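Working notes for the structure below.
Each chain gets a letter, A, B and so on, in the order its sequence line appears, and its residues count up from 1. None of the values given here were measured: they were computed from a predicted structure. Because only heavy atoms are used, hydrogens play no part in the values below, and waters and symmetry mates are left out as well, while side chains stay in.
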Protein chains: 4
Amino acid sequence: MPADPARRSQESWRAILDAAYALFVEGGYQSVTMGGIAARAGVGRQTLYRWWPSKAAIVFEAFLDKVSIGPLPADGPLPADGPLPADGDLATGDLATLLRAYAHGFLTLYVDGAGGSRLRELIGAAQTDPDLARVMAEQWFEPRRAPVREALREAQRAGAVRADVDPDTALDLVFAPLHYRLLVSGQPLDAAYADAVVDLCLHALRYIASDTTASRPSKSSLQGPQARR
Amino acid sequence: MPADPARRSQESWRAILDAAYALFVEGGYQSVTMGGIAARAGVGRQTLYRWWPSKAAIVFEAFLDKVSIGPLPADGPLPADGPLPADGDLATGDLATLLRAYAHGFLTLYVDGAGGSRLRELIGAAQTDPDLARVMAEQWFEPRRAPVREALREAQRAGAVRADVDPDTALDLVFAPLHYRLLVSGQPLDAAYADAVVDLCLHALRYIASDTTASRPSKSSLQGPQARR
Amino acid sequence: MPADPARRSQESWRAILDAAYALFVEGGYQSVTMGGIAARAGVGRQTLYRWWPSKAAIVFEAFLDKVSIGPLPADGPLPADGPLPADGDLATGDLATLLRAYAHGFLTLYVDGAGGSRLRELIGAAQTDPDLARVMAEQWFEPRRAPVREALREAQRAGAVRADVDPDTALDLVFAPLHYRLLVSGQPLDAAYADAVVDLCLHALRYIASDTTASRPSKSSLQGPQARR
Amino acid sequence: MPADPARRSQESWRAILDAAYALFVEGGYQSVTMGGIAARAGVGRQTLYRWWPSKAAIVFEAFLDKVSIGPLPADGPLPADGPLPADGDLATGDLATLLRAYAHGFLTLYVDGAGGSRLRELIGAAQTDPDLARVMAEQWFEPRRAPVREALREAQRAGAVRADVDPDTALDLVFAPLHYRLLVSGQPLDAAYADAVVDLCLHALRYIASDTTASRPSKSSLQGPQARR
DNA sequence: TTCTAAGCGAGACGGTACGTCATGTCTTTTT
DNA sequence: AAAAAGACATGACGTACCGTCTCGCTTAGAA
């Protein structure tokens with residue numbers, strides 16, 4: 001008998017997400033407990049188990065709620081980078097600018113942000129929790145990939161980017177190194193690195209026009225696209 | 001009083017690593033417990049705490065032990081890709097071949113391997129365990145990056161690869177997408193993807209010598225260069 | 001606002017008592033729950049709380065209902081000893097026969113009966129529930145004591161039983177040992193025991209006629225036998 | 001693996017029994033919880049479950065401990081009637097005195113005593129807990145019955161009490177009414193009642209010497225009084 | 001050789017968190 | 001207004017692990 005969402009208490013829902021997010025940000029994922037959330041939210045423990053399958057699900061929903069909804073009315077420490085700078089027309093115009101914007105948005109959210117570094121822990125938890133992994137892929141990563149993928153396709157149609165590369169693979173060239181440094185390698189993840197990655201990626205993708213002139217290595221190639229102007 | 005390693009019982013050590021690895025492979029990281037390891041190893045629980053700081057440390061050491069030592073005498077299900085094909089001269093000769101070998105070795109170990117998919121869980125655990133993160137970076141990731149980095153530098157010196165890119169950043173172009181698909185995106189991680197990534201990476205790095213001969217990727221799929229002919 | 005009994009749903013009432021009794025007989029007192037009764041009766045939980053103050057009250061009423069109303073229409077496993085063989089004229093005629101009939105009725109109901117041994121649990125529950133204790137005393141024990149008490153008084157008036165004994169105390173001589181073996185001592189409670197108890201009781205009560213001097217309570221009776229020598 | 005009693009912590013044991021008894025006396029059986037005992041004793045909850053099968057077992061052991069060991073050094077509110085006045089020679093000499101002593105001891109312990117009325121609750125709990133019932137029968141009731149039974153046998157051998165009655169049945173004549181009023185009937189349980197019961201009991205048992213013809217147990221005695229007319 | 005200090009197996013200990021269950025109150029919807 | 005339905009706060013339950021702490025037992029190296 002799956003609980004009927006229509007009868008759900010909105011107050012409890014809010015209180016739970018707020019409590020879960022607060023505990024998460026304050027003490028990290030490991031420090032969050034079902035009992036702790038319930039106590040802080042002034043809610044029965046059973047209410048948690050009624051609506052969520054696991055701690056991971058609650059914490060992720062709380063995170064999503066806080067980050068996506070934008071700055072909280074009062075106390076929110078969120079950078080609220082949220083989904084994206086969001087004006088879609090970037091896509092057509094300037095892929096390089098879009099990619100760079102994304103890379104810097106990533107840094108803002110994951111590295112500088114208060115709750116940002118906590119996302120690492122959620123991704124970590126997802127490694128042993130297939131449900132969480134699926135939900136995060138659907139609700140967090142894919143929404144962030146989609147607009148970039150679309151811009152990439154547009155660029156391919158416009159002939160600005162080689163058309164023989166699967167857009168998802170191309171996307172990975174930018175997204176992957178950022179996540180890699182965040183999660184795997186301990187090496188620095190800063191603006192310089194983000195710029196370098198974007199440039200290299202553009203290099204790799206560039207060259208439907210690359211033809212002869214394009215291939216100039218050291219300096220000019222960094223801003224390859226711009227150089228073409 | 002830090003325990004004296006000289007008096008350490010070798011039998012217990014072996015039994016503990018074997019037990020930890022067995023439990024890890026059988027049930028996943030979450031299913032491993034200190035008590036479980038001790039019981040399976042026929043060892044007192046205190047012995048674990050005497051020599052290791054945490055469950056993560058034991059499991060990682062057990063994993064490292066099994067994977068690095070090569071095929072076990074009797075029952076080892078490890079593909080034993082282990083460190084690397086290991087003869088360093090690959091480096092000079094053919095960077096593309098080396099990269100491809102690494103990418104496929106990654107698949108063999110992380111995707112096909114029995115204990116392979118378990119490594120995901122260890123990386124996940126490291127997201128909330130700085131000590132584990134550090135140890136893994138030092139003892140697992142860096143040893144696998146080092147020879148490739150060296151080959152890259154060699155290629156840079158030989159003029160086969162553009163010299164204005166930080167080798168570690170360049171490395172990430174290959175390593176990152178593989179880890180990204182493993183850990184973050186739920187998208188397929190197979191040989192075709194590995195090949196595509198290596199090709200794109202070579203494209204990005206190629207071209208101080210790019211012009212004529214340098215990079216011939218796997219299938220001509222890149223066809224950029226060929227097209228120029 | 002005390003609920004108005006006039007508006008009470010007869011169907012629900014029946015269903016609740018049936019459900020409570022069924023759960024009680026099937027699994028014992030501890031296994032009965034408010035939620036369980038409500039679910040089995042197809043009734044809202046609040047309906048239980050509206051009409052009964054506690055689980056004990058429901059279960060006792062259900063027990064009383066089933067045992068007193070006589071054999072159920074279809075499935076009743078009750079021996080339906082119920083109140084008593086019921087023709088009151090036994091009282092005058094033959095006290096011994098009456099007592100024996102009661103003692104054997106007790107065995108039938110409490111020991112042999114299906115729901116019989118469950119009564120033990122109700123008495124047990126009454127030890128921590130004063131309300132239940134009171135209700136049981138009024139509605140279960142007293143109705144069973146009353147006719148015997150009346151018979152005893154009749155016998156006292158007729159001179160067949162010593163008149164210097166409080167009828168309630170005399171009653172206890174028969175009722176108490178049966179309950180004692182049921183509730184306290186683990187010793188066998190069977191027909192032989194019931195007969196022996198009744199005989200001894202008759203001995204104790206008999207003799208206002210048997211021996212004029214004897215009935216001096218406190219001092220002399222202590223060594224009754226010796227003193228008379 | 002049943003826990004090894006040799007390694008048991010004496011301090012915890014004491015603290016647990018003290019805590020359990022205190023909670024029991026203060027709030028009644030229902031108010032005692034495993035968690036409450038553990039907290040008050042400053043003990044882990046698992047320690048309770050390690051050594052006792054149930055709350056009932058702990059509380060009974062605590063009760064037994066307090067009542068049997070005699071008056072506590074400082075705060076014990078127990079009347080310490082405990083086992084018995086204990087000098088066995090009462091048995092031979094004066095059965096009546098012994099019975100009366102027991103009856104009054106019963107009142108002191110069960111009715112007047114602080115923890116006394118709590119014993120009712122334990123007997124109540126035993127009605128749904130066969131293990132507790134068995135343990136109480138062995139460790140509480142039987143030790144109190146044994147000396148009286150022995151005195152009775154002695155009296156039978158001495159010819160002071162009719163020999164055709166099973167001693168346990170005879171015992172019940174005194175013990176049962178006291179427990180009956182305590183547990184079942186709500187009627188007063190006081191010294192007068194106790195005396196009356198003892199007197200009646202002595203009457204019932206007396207007369208192998210009292211009346212030559214009378215002592216035919218099962219059949220003829222039924223209408224004894226009437227028959228003699 | 002004896003002493004002694006460590007490692008070791010075993011497992012009891014005080015704790016924390018878990019997920020389930022039952023309670024009694026409440027609100028919503030239907031009859 | 002009673003009733004079915006069921007969400008809610010509360011809190012006890014029994015279990016699983018945690019990390020620490022004794023216990024004896026062995027097993028050296030030092031006296």
Side-chain angles (χ1 to χ4, degrees), chain A residues 1 3-9 11-13 30-39 41-51 53-55, chain B residues 1 3-9 11-13 15 30-36 38-39 41-51 53-55, chain C residues 1 3-9 11-12 30-39 41-51 53-55, chain D residues 1 3-9 11-13 15 30-39 41-51 53-55:
Chain A
M1 61 202 78
D4 176 4
R7 309 191 56 171
R8 189 166 182 175
S9 159
E11 295 76 21
S12 294
W13 194 349
Q30 303 278 27
S31 81
V32 182
T33 66
M34 296 300 258
I37 296 171
V43 141
R45 210 132 44 84
Q46 200 62 37
T47 301
L48 271 53
Y49 291 105
R50 181 158 29 235
W51 300 111
S54 67
K55 178 178 88 170
Chain B
M1 62 195 78
D4 175 5
R7 309 192 58 169
R8 187 167 184 177
S9 158
E11 297 75 21
S12 294
W13 195 347
Q30 303 277 29
S31 80
V32 182
T33 66
M34 295 301 255
V43 140
R45 211 130 47 83
Q46 197 66 286
T47 301
L48 271 53
Y49 291 105
R50 185 161 20 237
W51 299 111
S54 67
K55 176 178 89 170
Chain C
M1 62 196 79
D4 176 5
R7 309 195 54 168
R8 186 166 185 176
S9 158
E11 295 76 22
S12 293
Q30 303 279 29
S31 80
V32 183
T33 66
M34 295 300 256
I37 295 172
V43 141
R45 213 131 49 83
Q46 198 61 23
T47 302
L48 272 54
Y49 290 104
R50 188 163 14 241
W51 300 112
S54 67
K55 177 178 89 171
Chain D
M1 60 200 79
D4 176 3
R7 310 190 55 172
R8 189 165 184 175
S9 158
E11 295 76 22
S12 294
W13 195 348
Q30 303 278 28
S31 81
V32 182
T33 67
M34 296 299 257
I37 296 172
V43 141
R45 209 132 46 85
Q46 200 62 35
T47 300
L48 272 53
Y49 291 106
R50 184 163 20 241
W51 299 112
S54 67
K55 178 179 88 169

Query raised in the report: Taking CD from Gln30(A) and C1' from dC18(F), how many angstroms apart are they, rounded to a whole number?
Result: 13 Å
Report task. Quick one: label Trp13(B) by what it contacts on the DNA or RNA (base, sugar-phosphate, nothing), any heavy atom closer than 4.0 Å. Result -> nothing
Report task. Determine: side-chain N/O of Ser12(D) to OP1/OP2 of dA12(E), distance under 4.0 Å, yes or no. Result -> no
Query - Ala38(D) to Arg45(D) - nearest heavy-atom pair and separation - result: CB-CA, 4.0 Å
Report task. Nearest-nucleotide wise, let me know which of Thr33(B) and Ala41(C) is further upstream toward the 5' end of DNA chain F. Result -> Ala41(C)
Report task. Select base, sugar-phosphate, or nothing to describe what Gly42(B) touches, counting heavy atoms under 4.0 Å on all strands. Result -> sugar-phosphate
Report task. Check the distance between dA17(E)'s P and Leu48(A)'s CG and give it to me in whole angstrom. Result -> 14 Å
Report summary line: When rounded to whole Å, the CD to P distance for the pair Glu11(B) and dG7(E) reads 15 Å
**Report entry** Selected nucleotide, minimal atom distance to Trp51(B) side chain, candidates dG14(E), dC8(E), dA12(F)
**Finding:** dC8(E)
Query raised in the report: Would you say a side-chain N or O of Thr47(D) is under 4.0 Å from OP1 or OP2 of dG14(E)?
Result: yes
Query raised in the report: If you measure from CZ on Arg8(A) to CH2 on Trp51(A), what distance do you get to the nearest 0.5 Å?
Result: 5.5 Å
Report task. With DNA chain E as reference, determine whether Val32(A) or Val43(B) sits nearer its 5' end, using the nearest nucleotide of each. Result -> Val43(B)
Requested in this report: Sugar-phosphate means primed atoms, P, OP1 and OP2; the rest is base. With that split, encode nucleotides 24-31 of chain E 5' to 3' as B, S or - using protein heavy atoms under 4.0 Å.
Outcome: BBBB----
Query - Lys55(B) side chain to Val32(B) backbone, donor-acceptor under 3.5 Å - result: yes
Query raised in the report: When you check the phosphate oxygens OP1 and OP2 of dC8(F), does a side-chain N or O of Arg50(A) lie under 4.0 Å from one of them?
Result: yes
**Report entry** Nearest-0.5 Å distance, CD1 of residue Ile37(A) to OG1 of residue Thr47(A)
**Finding:** 12.0 Å
